[in-house]
**Q** 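Following this message is one structure expressed as structure tokens.
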Amino acid sequence: MGDVSLLVPAIRTNRWVGFYESALKACKNHTFEIVFIGPFDLPSELEGKPEIKHIKDYGSPSRATSIGVEKCEGEFLYNCVDDGV
């Protein structure tokens, strides 16, 4: 289990790499994971990153959040948006 789970119902894949890079800077003293849930594929730059989980789902953002919560392993959970940097 890590420190923080960043839960992100997401459709703006062009912003996911920037979101990840922002999390790296913000979480220097804590472990984290990012759980992206949405209908699109994970950008290739994020494939294989141990902090990233990706769940493909075609439902609403609230449904994506509910699905993602089940996959979060952090002690703390933060529900984010994919354009928040």
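The first residue of the sequence shown is numbered 1, and numbering continues consecutively from there.
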**Q** Would I67 and V35 show up in the same hydrophobic cluster when neighbours are defined by side-chain heavy atoms closer than 4.5 Å?
**A** yes

**Q** Suppose we screen for side chain to side chain contact (heavy atoms under 4.5 Å, CB included). Which residues come up paired with A10, at least two apart in sequence or across chains?
**A** V8, W16, F36, D82

**Q** Please list all pairs meeting salt bridge (charged side-chain N to carboxylate O under 4.0 Å, His left out) that have one or both residues in residues 53-67, counting only residues at least two apart or in different chains.
**A**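 As it turns out, the salt bridge (charged side-chain N to carboxylate O under 4.0 Å, His left out) pairs with a partner in residues 53-67, which skip direct neighbours, are E33-K53, D41-K56, K53-E73, D57-R63.
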
**Q** Do side-chain atoms of H54 reach the backbone of F40 as a donor and acceptor pair under 3.5 angstrom?
**A** yes

**Q** Are F76 and I52 connected in the hydrophobic side-chain network, where two residues link if heavy atoms are under 4.5 Å apart?
**A** no

**Q** Side chain to side chain donor-acceptor pair (under 3.5 Å) with T13: which residues, sequence neighbours excluded?
**A**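 T13 satisfies side chain to side chain donor-acceptor pair (under 3.5 Å) with no other residue.
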
**Q** Tell me if the CD atom of E47 is crowded by more than 12 foreign heavy atoms within 6.0 Å.
**A**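 Yes, because the 6.0 Å sphere around CD of E47 holds more than 12 heavy atoms from other groups.
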
**Q** Can you list everything that forms a side chain to side chain contact (heavy atoms under 4.5 Å, CB included) with E51? Sequence neighbours excluded, please.
**A** Y20, F32, K49

**Q** Between T31 and V4, is there a side-chain heavy-atom distance shorter than 4.5 Å?
**A** no

**Q** Can you name the residues that form a side chain to side chain contact (heavy atoms under 4.5 Å, CB included) with V17, not counting sequence neighbours?
**A**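 Testing V17 for side chain to side chain contact (heavy atoms under 4.5 Å, CB included), a comparison that skips the adjacent residues, returns E21, P43, E45, L46.
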
**Q** Under the side chain to side chain contact (heavy atoms under 4.5 Å, CB included) rule, collect the residues that match up with Y78, sequence neighbours excluded.
**A** L6, C80

**Q** For G74, does its backbone N or O pair with a side-chain atom of S5 as donor and acceptor, under 3.5 Å?
**A** yes

**Q** Rounded to the nearest 0.5 Å, what separation is found between the CG atom of L7 and the OG atom of S66?
**A**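 The CG atom of L7 sits 9.0 Å away from the OG atom of S66.
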
**Q** Indicate the atoms forming the closest heavy-atom contact of N79 with P9, along with that distance.
**A** OD1-CD, 3.7 Å

**Q** When you compare the side chain of I37 with that of T65, does any pair of heavy atoms fall below 4.5 Å?
**A**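 Result no, sub-4.5 Å side-chain heavy-atom pair not found.
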
